[in-house]
Amino acid sequence: MLISAKKLVMIPTYNEAGNVTLMISAIRNLGLNLDMLFVDDNSPDGTGNLLDQVAVEDPQIHVLHRSGKLGVGSAHLDGIRWSYDNHYEILITMDSDLTHSPEEIPNFLSLADQADVVVGSRFTNPNSLPGWVLWRKAMTHTGHYLTRRLLGLPFDATGAFRLYRLDRIPQGIFTMVQLTGYSFFFESLYRLHLNRMTIKEIPIILPARAYGSSKVRFKDIVVGIRNLSGLAVQARLFPQNHVYRVPITPVVNQPIFVQEDAWDVYWTRQSYRGQWIYDLIARFYRRFIIRPLVNHFLGKFFACDALILHAGCGGGMVDIDMSKHMRIDAMDISSKALSAYARHHVGTCKLIHGSIFSIPCPAHHYDGLFNLGVMEHFQEEQIIPILREFNRVLKLGKCIILFWPPSYGLSVRVLKWVHQILHRFSKVEIQLHPLEHTYIISKEQTVEWLEQSGFSLKVFYFGLRDLFTYQVIVAEKVVHIAE
């Protein structure tokens, strides 16, 4: 694989005219048929012009010119983007000051079949930093300690000498990286680690810089610590925001998806004024009130390792715990909702883009089915067709669990009151969530719907577990209705 793989060495430059020809010569002497990309930030010493002259004579050398000194992380991101665009499979990144020895490149390549990322480590060998002054050693070890403690990264997370398997790493992980200075290195590695890329380390020797002067300033150190602290806080509060999933491709030209645009608007939070207030409250409520409720009922009525359909999965905050014990297929009409769901369930659930009116699976397929906050969004005449479709895909004797707000529910009353207050003060209609058409009114109404759909009511719970929010309906399939 490595012999035929298209390989590139990417090197950012700024005022490196005295080094680049030495770097090119050293890389060429390896005899590895490596292409080279230099990302130059309009170096005042003419580095870019010198590289252009060399590139004219050597088709394996490429130069990416940028308008000015835009940050080393930004240079890496532009170089990585260029590498993907030009279909390279293996990318090696390194500094141009000759502290990163080209002679180490074969060692990196030797691990490329075993890892998605290979990191040059200054901490696995106690003699990795010969000639470094004490304060630089102290700062380097402090950075390593902080990234290990705050981000949980056991690797050298602040170095630039790396190998990336671009043929295995989704480009979208890199597009999520926001920091463009030296903080790029720990943010990018954190995202790669969180997204389950295989990372291996290789010890490197990093001598004191022999050519030119260090570009790291005290200001960069302060900014790096600030960025690291901010990223650590985000990682604790919203870890799912750092998870990348391949975008869900919507199924087109099918009538069952006519409502998808409206739900995509909701899940991307467009046109929902005041949505951040609702999201903040809803996030707390789902995590600390609703999730335990879901855990209780799913754990009671669904067996471990059962195949369960979450029909109308939304963003997926409520079944995080249960997905570790059951095989959950998550289905939603909105591709945006599925992408949000995937960030909460990395690699644990199958994603299905579909409608609850026509579930894309064979009859009698699932051991259980549930949804939460879904049924109320449909008109009353649509309820029985939905329940009959649930009947079709469920095995005989198995249960559905519906978490369905009743008209007498506390959340329904509170949200109506909030809407009235907002309307009074803003003088415009403010919509915090999609319209809700059909609430549970009574047990008798529920039994009638279920019996017409081949189900028998087992549990009709409304109480303190969720502060009187949902009517929990557990029903067993007793008759085959739809074949």
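- Put simply, the side chain of Asp95 never gets that close to the backbone of His100: no donor and acceptor are under 3.5 Å apart.
- Glu451 places no side-chain N or O within 3.5 Å of a backbone atom of Ser456 that could act as its donor or acceptor partner.
- A donor-acceptor pair under 3.5 Å links the side-chain atoms of Lys477 to the main chain of Asn391, judged by distance alone.
- Put simply, the side chain of Ser355 gets close to the backbone of Phe357: a donor and an acceptor are under 3.5 Å apart.
- Judged by distance alone, with hydrogens and angles left aside, the side-chain atoms of His344 form a donor-acceptor pair with the main-chain N or O of Gly315 at under 3.5 Å.
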- Message: One pair to check against side chain to side chain donor-acceptor pair (under 3.5 Å): Asp319 and Tyr341. What are the steps and the verdict?
- Response: CA-CA 10 Å; Asp319 59 342; Tyr341 187 96; 2.7 Å; yes
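- Looking only at distances, no side-chain donor or acceptor of Arg81 sits under 3.5 Å from a matching main-chain atom of Thr175.
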- May I have the step-by-step check of side-chain contact (heavy atoms from CB on, under 4.5 Å) for Ile290 and Tyr470, ending in yes or no? CA-CA 9 Å; Ile290 303 303; Tyr470 286 108; 3.7 Å; yes
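- No donor-acceptor pair closer than 3.5 Å links the side chain of Arg168 to the backbone N or O of Thr198.
- Centroid-to-centroid, the aromatic rings of Phe174 and His76 stay 6.0 Å apart or farther.
- Relative orientation of the Phe301 and Phe297 rings is parallel, given thresholds of 30° and 60° on the angle between their planes.
- Here the options are Leu387, Ile440, Ile473, Thr438, the test is side chain to side chain contact (heavy atoms under 4.5 Å, CB included), and the partner is Met375; only Leu387 passes.
- Without hydrogens or angle criteria, His345 side chain to Ser323 main chain gives no donor-acceptor distance under 3.5 Å.
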